Amino acid sequence: MSSSMHTAAKNFIDGQTAFRICYIVSVLFTTVTYINFLSYGMITILFFWGAHIVIHNWYASGRYKAIPYYHYFILFLGLSIPGIILNFFKKPFAGATSLVMLIFTAFYIFIFFGMQTEKHYKAAAETVLISRIILYITGVINLTGFILLFVFHNQIIVFGERLLILENRYMGLYFNPNQAAYVCFFATVCALLLRNHRLCRAAQSGVERKRIVIPCILMNVVTIILSASNGAMMILLVFSSFLMMFGIYRCLKEKKLLQFVLRVLIVLAILSTTLAFSVLCRTVASHMVSGEAIVEIEKLEPTEEQMQQELHNQNGEVTFEHINAELGSGRLQLYEEAWKLFVKNPLTGIGSGGVLFSGIRDNLGGFFDFHNGYLTILTSGGIFAFSLFMFVGFKVLITLCRSAVVESADGDFGALQICSAFLVAYCAYAMVEPTFIYNPTIGCCSLWFILGTAYTCLRQRAEYEPYRPGAIMAVLTGSI
């Protein structure tokens, strides 16, 4: 009995499916008020679990060689180490933090992107399971938030934590509006994956029911609109546009002019409807929300920021728009600071921990990121690590988009098109939000989960050939 329990425990610890589910749920809950601190505690435990998996399952067994571009990924991790070492002597705690975040990056590369090395039906089943978990959790959170907004009609403060509205923007039960918007976008992508027949067939599972998917997508879209997140609106529009382009390309390939014209008109109609729906949602919600004083449970001494926000709620109408009229919301100043830090250490970078403890604050007084995934990698890893990351990213994106276009021309529409559209939109989103690597956040984790799913689909295509080391020009010409 003890031997069987020991074997079961060992299989669980060595198994990557359980880790991926636990990790992605934990980073999702870091965006939810009240339980975000518990989630960070869970991530601390998962850090040691993930380190064991990377060392035991990937490095010791040599399995890492099955991952496309593993040479480049290992070189990228290696190029990030000199900057960590050099800055460790200046700021030991910042250096240690950089090392921890680099290990999280290794988790994304090997454990999440490496999901493609699993058997196809197993990887597909895991994608469906994780997507279903994300859809259900966000559905419950969004529904609860809308119910509370309908009951209280304004922002509420419970045990010192703000709920529903922050700075004239809706956030529901999430920690801030930007996180709420991105989580809802990611949940929408998961919903589309669950409605894809090819993926669900490969996972030996039925497609998710419409009566669950449609309300969840509607709540997600309404949350994105009311959150007034420019980044989330951009990623949603780019994602939708590329999905439609795959369908339009199919019509051009088959020389169906009438269908082409109809689909272009449908695209224009959808964009117009989305704009009208956005205005309608904000108008209806602003009338539903009162300008009365916020409701407090457990009266606490308010800070100056809270007093200003309360004054706005008492005297101003909640319009679900940015109070700050500047489109960049103070990001240009952060970009200037990022450039100054990069110039100091252009070759090795300062490490992600160096960014965290650089003392730079955004317009909300918070630390940590430049709200630009590209600048974060450039400043943290230096010019060589950044150039290598961009090269591999370009190669991956071109490969996936080309295969997605080929499938569309063949009349197929599967998870590969959804994932490719997500990745293109994500690259645009990365210009205004912290993304890509380093951070244990849903914004970073979702990218590598989708990448693992996309390459799982890609490996099933007959024309796909695993990466073979070669000259840079051969790789570029082969991908294009």
Side-chain angles (χ1 to χ4, degrees), residues 67-69 108-109 112-116 120 123-124 126-128 130-131 134 182 185-203 217 232 234-253 263 267 270 373 389-431 435-436 443-467 475-476 478-480:
I67 298 179
Y69 326 116
Y108 295 137
I109 293 173
F112 282 91
F113 186 54
M115 183 174 69
Q116 61 184 283
H120 179 58
E126 184 177 332
T127 297
V128 170
I130 291 177
S131 298
I134 296 294
Y182 181 80
F185 167 74
F186 179 49
T188 301
V189 175
C190 291
L192 294 179
L193 290 174
L194 290 173
R195 286 295 300 172
N196 188 266
H197 291 270
R198 291 181 58 188
L199 178 65
C200 293
R201 231 181 1 251
I217 290 180
M234 177 179 65
I235 193 174
L236 181 62
L237 291 176
V238 175
F239 172 77
S240 304
S241 300
F242 266 81
L243 278 185
M244 296 172 190
M245 284 175 59
F246 288 131
I248 292 174
Y249 178 79
R250 177 185 172 186
C251 293
L252 288 176
K253 192 72 175 178
R263 294 199 177 194
V267 169
I270 290 175
F389 186 86
M390 292 302 296
F391 168 73
V392 178
F394 177 76
K395 167 68 177 175
V396 168
L397 191 62
I398 290 296
T399 302
L400 291 175
C401 288
R402 182 187 62 180
S403 298
V405 169
V406 171
E407 277 197 359
S408 299
D410 293 340
D412 294 332
F413 191 88
L416 188 57
Q417 282 80 5
I418 298 173
C419 293
S420 298
F422 171 88
L423 294 173
V424 173
Y426 190 93
C427 289
Y429 180 74
M431 293 189 291
T435 48
F436 289 130
C444 294
C445 186
S446 58
L447 168 67
W448 296 91
F449 168 69
I450 295 295
L451 272 174
T453 300
Y455 263 80
T456 298
C457 301
L458 193 62
R459 282 182 176 272
Q460 306 309 307
R461 293 193 55 82
E463 72 270 22
Y464 172 70
E465 297 180 2
Y467 170 75
V475 173
L476 282 174
S479 64
I480 297 174

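The structure displayed is predicted, hence computed values, not measured ones. We count residues from 1, following the sequence as given. All values below come from the heavy atoms of this structure, side chains included, with hydrogens, waters and symmetry mates left out.
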(message) Suppose we call two aromatic rings close when their centres sit under 6.0 Å apart. Are Tyr426 and Phe436 close by that rule?
(response) yes
(request) Please check if atom CZ in Phe242 has more than 12 non-hydrogen atoms from other residues, nucleotides or ligands closer than 6.0 Å. (result) no
(request) Take the angle between the ring planes of Phe186 and Phe449 and call it parallel below 30°, perpendicular above 60°, tilted in between. (result) perpendicular
(request) Output the distance between atom CD (Gln417) and atom CG (Leu400), rounded to the nearest 0.5 Å. (result) 11.0 Å
(request) Starting at CG of Leu416, measure out to OH of Tyr455 and round the result to the nearest 0.5 Å. (result) 10.0 Å
(message) Distance check, rounded to the nearest 0.5 Å: Leu193 atom CG versus Ile130 atom CD1?
(response) 11.0 Å
(message) So, taking the atom named OG1 in Thr456 and the one named CZ in Phe113, what distance separates them when rounded to the nearest 0.5 Å?
(response) 9.5 Å
(message) Ignoring hydrogens, what is the shortest heavy-atom contact between Leu458 and Ser403? Give both atom names and the distance.
(response) CD1-OG, 3.0 Å
(message) I'd like to check Pro68 versus Gln116 (side-chain heavy atoms, cut-off strictly below 4.5 Å). Are they in contact?
(response) yes
(message) Taking the side chain as everything from C-beta on, heavy atoms only, tell me whether Leu199 gets closer than 4.5 Å to Ile418.
(response) no
(request) Work out which heavy atom in Ala415 is nearest to a heavy atom in Cys457; give both atom names and the distance. (result) CB-SG, 3.7 Å
(message) Using every non-hydrogen atom in the two residues, find where Ala232 and Ile235 come nearest and quote the distance to one decimal.
(response) O-CG2, 3.1 Å
(request) Identify the two heavy atoms, one from Leu397 and one from Cys427, that lie closest to each other, and give their separation to 0.1 Å. (result) CD2-SG, 4.1 Å
(request) Working to the nearest 0.5 Å, report the span between OG1 of Thr435 and CG of Leu447. (result) 8.0 Å
(message) For Phe239, run the ring pair (Phe, Tyr, Trp, His ring centres under 6.0 Å) check against Phe422, Phe185, Tyr429 and tell me which one passes.
(response) Phe185
(request) Enter the distance from Ile450:CD1 to Thr127:OG1 here, rounded to the nearest 0.5 Å. (result) 8.0 Å
